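What follows is a short report on a single structure.
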Number of protein chains: 2
Amino acid sequence: MSTDRGYHHGSLRAAVIQASFELLAESGLQHFSVAAVARRLKVSSAAPYRHFPDRAHLLAAVSAAAARDLRAEITAAADAATPDPAARLAAAAGAYVRYVVRTGAGFPVIFAAELYELADESRREQTRALLTTLLDLAAATGTRTYREDLLLVETTVAVAHGYTTLYVDGFFARNSSTIDDVAARAVAATRTLITPDRA
Amino acid sequence: MSTDRGYHHGSLRAAVIQASFELLAESGLQHFSVAAVARRLKVSSAAPYRHFPDRAHLLAAVSAAAARDLRAEITAAADAATPDPAARLAAAAGAYVRYVVRTGAGFPVIFAAELYELADESRREQTRALLTTLLDLAAATGTRTYREDLLLVETTVAVAHGYTTLYVDGFFARNSSTIDDVAARAVAATRTLITPDRA
DNA sequence: GTCTATACTACGATAGAC
DNA sequence: GTCTATCGTAGTATAGAC
């Protein structure tokens with residue numbers, strides 16, 4: 001029965017996406033709901049439906065934004081690393097851990113199976129660009145075929161996402177592991193996997 | 001309005017746990033519900049509450065069973081591997097992938113944060129035994145401290161769970177990757193991470 | 001030990017007022 | 001562009017009959 005409604009300053013659409021990220025970071029995709037987003041913004045539960053036809057389209061917009069932002073952070077991390085291609089790909093793993101722990105929007109959100117049939121063009125572009133960036137980083141390490149690139153990307157993402165999941169689920173809680181610790185371990189593991197002899 | 005009820009042959013309790021595993025394997029923890037379990041068993045939605053006081057206690061029982069079974073499969077896989085300690089730990093990663101893809105009951109279910117406050121003694125025993133088994137496998141590879149054991153276990157689980165998640169979420173779908181392919185890649189990656197120079 | 005029936009809560013989504 | 005109000009559905013859990 002809170003009476004402080006009246007949220008109509010311009011773009012509710014952007015605010016809805018922002019609030020969706022916050023809820024994902026706090027409670028994960030499992031507890032995400034359009035109603036909770038509306039509550040957080042102190043608008044009615046009907047308001048978001050003016051900007052997104054349904055829940056799936058909202059999540060598709062979140063997916064597109066997450067793919068764009070994650071790609072930007074991966075690129076920045078790679079560029080901040082040494083010119084060594086293996087270090088650049090490993091830096092991407094670290095960026096993944098940091099981004100997903102912070103936002104809750106990892107591959108399970110970005111590539112959620114329920115979004116496959118949606119034909120959202122913006123999302124399609126952003127996810128494609130994200131994968132291309134990762135494949136390029138992998139290819140630079142000296143792989144010879146597209147299949148090798150793909151396997152290396154999958155390994156990198158598996159390690160990064162595995163560490164992220166363990167951290168988010170509290171498996172690291174008893175140790176005083178910070179996000180930076182976990183990210184560093186993901187980077188080190190990825191680095192070892194790319195060129196084992198130079199670990 | 002299905003009328004073929006009348007499920008009272010002995011242990012509904014065991015059947016509820018079994019059906020819970022099936023639902024987890026099919027739809028994950030996100031879509032798990034006591035009501036769906038009851039529907040699957042063709043009993044009323046109230047029936048499971050005769051055996052479990054609430055949803056959390058049911059999930060705790062599932063967690064305990066999963067920890068027990070996963071530990072058994074990890075032990076079997078390690079014993080089937082070569083005597084080399086690194087190969088034994090790597091085999092555990094493969095067993096994790098296979099078990100969790102098949103049952104849907106991985107670390108996020110076994111160590112779900114919502115079960116922490118429950119004080120289920122059986123679950124406590126089984127999860128502890130599972131961790132002990134993993135730590136023993138890690139210690140046998142030549143680590144020197146408990147902290148090193150722990151870090152190695154975390155790396156192993158991170159890799160195994162990362163591959164599992166990508167597989168379950170359909171990220172490997174376009175390639176014709178079977179469960180055995182994915183498990184083999186998790187084993188290889190873990191093997192590399194334990195002793196990089198012998199990859 | 002399982003049933004029917006029900007109370008309560010929450011979510012997705014829509015209709016129509018302003 | 002947001003509101004109030006509402007419908008339909010589904011889930012958790014309980015009460016009381018059998």
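Every chain is numbered from 1 and lettered A, B, ... according to where its sequence line falls, protein lines coming before strand lines. Remember, it's a predicted structure, so these values are computed and weren't measured experimentally.
For Ser33(A), a side-chain nitrogen or oxygen approaches OP1 or OP2 of dC11(C) to under 4.0 Å. Side-chain N/O atoms of Arg39(A) include none lying less than 4.0 angstrom from OP1 or OP2 on dA10(C). Checking the phosphate oxygens (OP1, OP2) of dT2(C), a side-chain nitrogen or oxygen of His51(B) falls inside 4.0 Å.
Computed from coordinates, the Leu59(A) CG to dC11(C) C1' distance equals 14 Å when rounded to whole Å. Rounded to whole Å, atom C1' of dA7(C) lies 14 Å from atom OH of Tyr49(B). Separating the CD atom of Gln30(B) from the P atom of dC11(C) is a distance of 16 Å, rounded to the nearest angstrom. Following rounding to the nearest Å, Asp54(A) (CG) and dC11(C) (C1') show an atom-to-atom distance of 14 Å. Between Leu58(A) atom CG and dG12(C) atom P the separation is 10 Å, expressed in whole Å. Distance, Leu23(A) CG to dC11(C) P: 10 Å, rounded to whole Å. Atom pair Glu114(B):CD and dT12(D):P shows a separation of 11 Å (rounding to whole Å applied). What separates CZ of Phe52(B) from P of dT12(D) is a distance of 14 Å, to the nearest Å.
Ring centroids of Phe107(B) and Tyr96(B) are separated by less than 6.0 Å, placing the two rings close together.
Listed nucleotides dG16(C), dT12(D), dT2(C) differ in distance to Arg50(B); the shortest reach to its side chain belongs to dT2(C). Among the nucleotides dA13(D), dG12(C), dT2(D), the one closest to the side chain of Leu12(A) is dT2(D).
When each of Arg98(B), Arg185(B), Arg102(B) is paired with Asp180(B), the salt bridge (Lys or Arg N to Asp or Glu O under 4.0 Å) condition holds for Arg98(B) and for no other.
Residue-to-nucleotide proximity on DNA chain C shows that, of Arg13(B) and Ala56(A), the 5′-proximal contact is made by Arg13(B). Nearer to the 5' terminus of DNA chain C, by closest-nucleotide assignment, is the contact made by Ala47(B) (compared with the other of His31(A) and Ala47(B)).
Judged by distance alone, the side chain of Asp54(A) and the main-chain N or O of Ala56(A) form a donor-acceptor pair under 3.5 Å. One N or O on the side chain of Arg123(B) and one on the backbone of Ile110(B) form a donor-acceptor pair closer than 3.5 Å. Between the side chain of Ser63(A) and the main chain of Leu59(A), no donor-acceptor pair closer than 3.5 Å is present.
Within 4.0 Å (heavy atoms only), Ala46(B) reaches at least one base atom of the nucleic acid. Among the atoms of the strands shown, only primed sugar atoms or phosphate atoms (P, OP1, OP2) are found under 4.0 Å from some heavy atom of Arg55(B).
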